[in-house]
Amino acid sequence: MPLAEFAAKRYPIAMSKNKFPPKKRPPILPDDGPVYLYGLHTVRAALDNPRRAKRRLLATPNGLNRLTEGSPLPQLAIEETTPRDLDKLLGADAVHQGVALEVDPVDRFGLDDIEKLDLVIVLDQVTDPHNVGAILRTACAFGADAVITTARYAPRETGVLAKSASGALDLIPMVSVRNLGDALETLKSNGLVCLGFDSEAPGVLRPRPAGGKLAIVLGAEGKGLRQKTRSLCDEMVRLDMPGPIKSLNVSNAAAIALFAATAG
């Protein structure tokens, strides 16, 4: 007797092959595919960005009401959903506030696209999306003109990065360059002082003269700035910290540097 027939007679009640099937995970999005942005500030900024291609808005009734409190929505497809469905789509850790927006990744800028270059943040292979998002948010708050990243070894656009930026991803230009050394030379030729940061640098960060053009150059946590990047900076400085910890998270360092740069 075939095994399947024997099993059917011996066990007439169908048994689940897996009593504890794996939980569904959010799909892994390709680098050139759609991105889900979430959270009220993030989604609102994306909706208001004319350069952003929007596909559809997923929202709970309460999330939609809160999203439209400030201004009406542009023309796009809107799908009513539930908090549970958004959790399944985005992951249980995503603080979506009842809204998610499916978008195409926003086009990155080139240096030639930025008309005004007086204060910029330069990131040398900083890959953590939480840090890059936080730096975008801080740079936007302090009125920086752009955040420059390397084309490689930089995070792609994701909901995590956008949520960490709290809308700044659609408010401040994010410039992607293939050769960071050439970009630094371009900044210097435009009159910017390139200030590199290292926790062991001999010089201490001092307030900058008012009106001076400045590029704040920060490296990845752990390895810091690459040697080539250091050699192209006009000055290497450290943050003056009297406590026992002498280094900070790169996003915190960016905030302090921006405060010092604009305090005058």
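All figures in this text were calculated on a predicted structure; none of them were measured in a lab. Position 1 is the first residue of the sequence, and the numbers go up from there.
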From the list I216, T150, V147, side-chain contact (heavy atoms from CB on, under 4.5 Å) partner of L123 resolves to V147
Between L58 and the options T82, L89, I78, L101, the side-chain contact (heavy atoms from CB on, under 4.5 Å) test singles out L89
In Å, rounded to the nearest 0.5 Å, how long is the span from [atom1] of [X] to [atom2] of [Y]?
X	Y	atom1	atom2	answer
R137	S164	CZ	OG	9.0 Å
I121	F142	CD1	CZ	10.0 Å
L47	S71	CG	OG	8.5 Å
L86	Q97	CG	CD	11.5 Å
L67	L57	CG	CG	6.0 Å

**Request:** Indicate yes or no: does R52 engage E157 in a salt bridge with an N to O separation below 4.0 Å.
**Result:** yes
Exactly one candidate in T42, T81, T60, D87 meets side-chain hydrogen bond (donor to acceptor under 3.5 Å, both in side chains) with H96; the answer is D87
Residue set satisfying side chain to side chain contact (heavy atoms under 4.5 Å, CB included) with R238, at least two apart, ordered chain then number -> A201, V204
For this session: Determine, step by step, whether K223 and Q125 satisfy the side chain to side chain contact (heavy atoms under 4.5 Å, CB included) criterion, reporting the C-alpha distance in whole Å, the side-chain angles of both residues, the deciding distance to 0.1 Å, and the verdict.
Result: CA-CA 10 Å; K223 60 183 179 180; Q125 298 190 347; 3.1 Å; yes
Using only atom types and a distance under 3.5 Å, with no angle test, would you say the side chain of [X] pairs donor to acceptor with the backbone of [Y]?
X	Y	value
D145	L119	yes
D113	G110	yes
E235	L195	no
S231	K228	yes
N131	T127	no
K54	N49	yes

Any link between [X] and [Y] through a network of hydrophobic side chains (Ile, Leu, Val, Met, Phe, Trp, Tyr) touching at under 4.5 Å?
X	Y	result
V43	L171	no
V237	I256	yes
V103	L64	yes

How close do [X] and [Y] get, heavy atom to heavy atom, and via which atoms?
X	Y	answer
S189	T186	OG-O, 2.7 Å
L169	A162	CD2-CB, 3.9 Å
V35	G159	CG1-N, 4.1 Å
S176	A151	OG-CA, 3.3 Å
P155	L161	CG-CD1, 3.6 Å
A46	L37	CB-CD1, 3.7 Å

Do [X] and [Y] come within less than 4.5 Å of each other through their side chains, counting heavy atoms only?
X	Y	answer
L73	R44	yes
P105	R156	no
Q227	R230	yes

Here the salt bridge (charged side-chain N to carboxylate O under 4.0 Å, His left out) pairs for residues 119-132, sequence neighbours left out, are D124-R226
With sequence neighbours left out, the residues meeting side chain to side chain donor-acceptor pair (under 3.5 Å) with R56 are Y36, E79, E102
Those residues at least two apart in sequence (or on a different chain) that pass side chain to side chain donor-acceptor pair (under 3.5 Å) with N65 are none
- Query: With a cut-off of 6.0 Å (strictly less than), are more than 12 heavy atoms of other residues, nucleotides or ligands near CZ of R51?
  - Reply: yes
| query | Will you find, in the side chains of N249 and S251, an N or O donor that is under 3.5 Å from an N or O acceptor? | reply | yes
Besides V175, the hydrophobic cluster formed by Ile, Leu, Val, Met, Phe, Trp and Tyr side chains linked at under 4.5 Å, directly or via other members, contains F109, L111, I114, L117, V120, V122, I148, V177, L180, L184, L187, L192, V217, L225, L232, M236
Cluster membership besides Y153, Ile/Leu/Val/Met/Phe/Trp/Tyr side chains within less than 4.5 angstrom, sorted by chain and number, is none
- Task: Please test I135 against V250 for side chain to side chain contact (heavy atoms under 4.5 Å, CB included), starting from the C-alpha separation and ending with a verdict.
- Result: CA-CA 8 Å; I135 290 169; V250 64; 4.3 Å; yes
